[in-house]
Amino acid sequence: MRRVRYESAGGPLFLEEVPVPEPGPGELLVRCAAVGLTLPMVRKVAEAAEPVPLGGEVAGEVVAAGPGVSRFRTGDRVTGLCFGHGYADFAVVHEAMASPVPDDAGFTTAIALVRSGLVACGVLEAARLAPGESVLVTAAASGVGHLAVQLARVRGAGRVVGAVSGAAKADFVRSLGVDDCVRYDDGWGEPVDCVLDAVGGELLTPALAALAPHGRLVAYSSGGGTIRAYDLLVGAKSVTGFQMALIARERPELYERWRRELWRLHAEGALRPAVHGEFALAEAEAAHRAITTRANLGKVVLCP
């Protein structure tokens, strides 16, 4: 089978031929029809001292199941998180990290909807968004961000603001029904009750400043950053970190409830997942570049 790999920090990415892996206990072997790219994985390629397996979100058909698998069987359509090599024709996914894909849904839709949607659900829960409150979403045109602004509206937000880096992204985010869209280098408008921050770094300070008194910021970025305690004291603001992996491991029932909610909202037309582009495996380098240059509107997907 074909697999994408790299040998030194920063790439380049290239294809290699390797044997098809075998699923171990509790694992599924999935023939990949779509592979979702994430900013954390792109950053690992650029920054990790040693090459790491290119894992991430995969969707496709189960072609084999390892010992002890009980929820899935050969022929099932699934999407899930692969911690090994996922940029490939076949990938191994642990049963606990997999979920079914409806028969009438495409695999690229599943990639754009499920994992990013679960993160969006999680950060909104962590923000404790109440009906009528206002929320600002940074990286609002990203795979998670464009779903978060839609979910905020579904969950009763009184005002939804998207924050983006450029005009093209602003037009895209406005098409999703936000009340306002702001640029990072301009004023951010009226203070909000909640900020969902996917950028981090130098953007943390203005993101915190965008909060109204008693406002809540949820940080789920891999970009790091530092917040001064004094900036929290002024206005009695709070910051919460969020990581989806903890929910998957410790609250599987919540993970499953959110997954069902996402598919229901999509079927009702209330949630529109967007795919920025479908790249072949051999185009993985270009797919990564779409993310590093922040050009993507929605999810970037590899289609083996």
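Every value quoted in this text rests on a predicted model; they were computed, and no experiment measured them.
- A distance-only check finds a donor-acceptor pair linking the side chain of Asp193 to the backbone of Ser134 [under 3.5 Å].
- Salt bridge absent: Arg251 and Glu125 never bring a charged side-chain N and a carboxylate O closer than 4.0 Å.
- Of all the heavy atoms in Leu147 and Gly117, the pair that sits closest is CD1-N, 3.5 Å.
- Hydrophobic clustering (side-chain heavy atoms under 4.5 Å, transitive across Ile, Leu, Val, Met, Phe, Trp, Tyr) keeps Val275 apart from Ile291.
- Salt-bridge annotation for Asp179 and Arg153: present, with a side-chain N of the basic residue lying under 4.0 Å from a carboxylate O of the acidic one.
- No more than 12 heavy atoms of other residues, nucleotides or ligands sit less than 6.0 Å from atom CZ of Arg73.
- The pair Arg77-Glu61 does not meet the salt-bridge criterion, since no charged nitrogen lies less than 4.0 angstrom from a carboxylate oxygen.
- Glu256 has a carboxylate O that lies under 4.0 Å from a charged side-chain N of Arg260, or vice versa, which qualifies the two as a salt bridge.
- Ion pair Arg115/Glu57 not flagged as a salt bridge, since none of the NZ, NE, NH1 or NH2 atoms sits closer than 4.0 Å to an Asp/Glu carboxylate oxygen.
- When all heavy atoms of Val45 and Gly11 are compared, the closest pair comes out as CG1-N, 4.2 Å.
- Looking at Glu261 and Arg259, no side-chain N of the basic residue comes within less than 4.0 Å of a carboxylate O on the acidic one, giving no salt bridge.
- A donor-acceptor pair under 3.5 Å is absent between the side-chain atoms of Arg174 and the main chain of Asp180, judged by distance alone.
- The residues Glu133 and Arg216 are annotated as salt-bridged, a charged nitrogen and a carboxylate oxygen being separated by less than 4.0 angstrom.
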With side chain to side chain contact (heavy atoms under 4.5 Å, CB included) as the criterion, how do Thr240 and Leu217 come out once you've worked through the C-alpha distance, each side chain's angles and the decisive distance to 0.1 Å?
CA-CA 6 Å; Thr240 300; Leu217 184 150; over 6 Å; no
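- The number of heavy atoms from other shown groups lying within 6.0 Å of CD (Glu22) does not exceed 12.
- When every heavy atom of Ser116 is checked against every heavy atom of Gly143, the shortest pair comes out as CB-O, 3.4 Å.
- Atom CD of Glu268 has more than 12 heavy atoms from other residues, nucleotides or ligands within 6.0 Å.
- Note on residues 271-302: pairs passing ring pair (Phe, Tyr, Trp, His ring centres under 6.0 Å), not counting sequence neighbours, are Tyr87-His288.
- For Val69 against Glu27, the heavy-atom pair with the smallest separation is CG2-O, 3.4 Å.
- Residues Val93 and Cys82 share a closest heavy-atom pair of CG2-CB, 4.2 Å.
- In this structure, the separation between CG on Asp103 and CG on Asp76 is 9.0 Å, given to the nearest 0.5 Å.
- For Gly166 against Arg183, the heavy-atom pair with the smallest separation is CA-NE, 3.6 Å.
- For the pairing with Leu124, the side-chain contact (heavy atoms from CB on, under 4.5 Å) check across Leu151, Val218, Val137 returns one residue only, Leu151.
- With Thr79 contributing its side chain and Ile111 its backbone, the two residues share no donor-acceptor pair below 3.5 Å.
- The same ILVMFWY cluster, assembled from side-chain heavy atoms under 4.5 Å apart, contains both Leu262 and Phe242.
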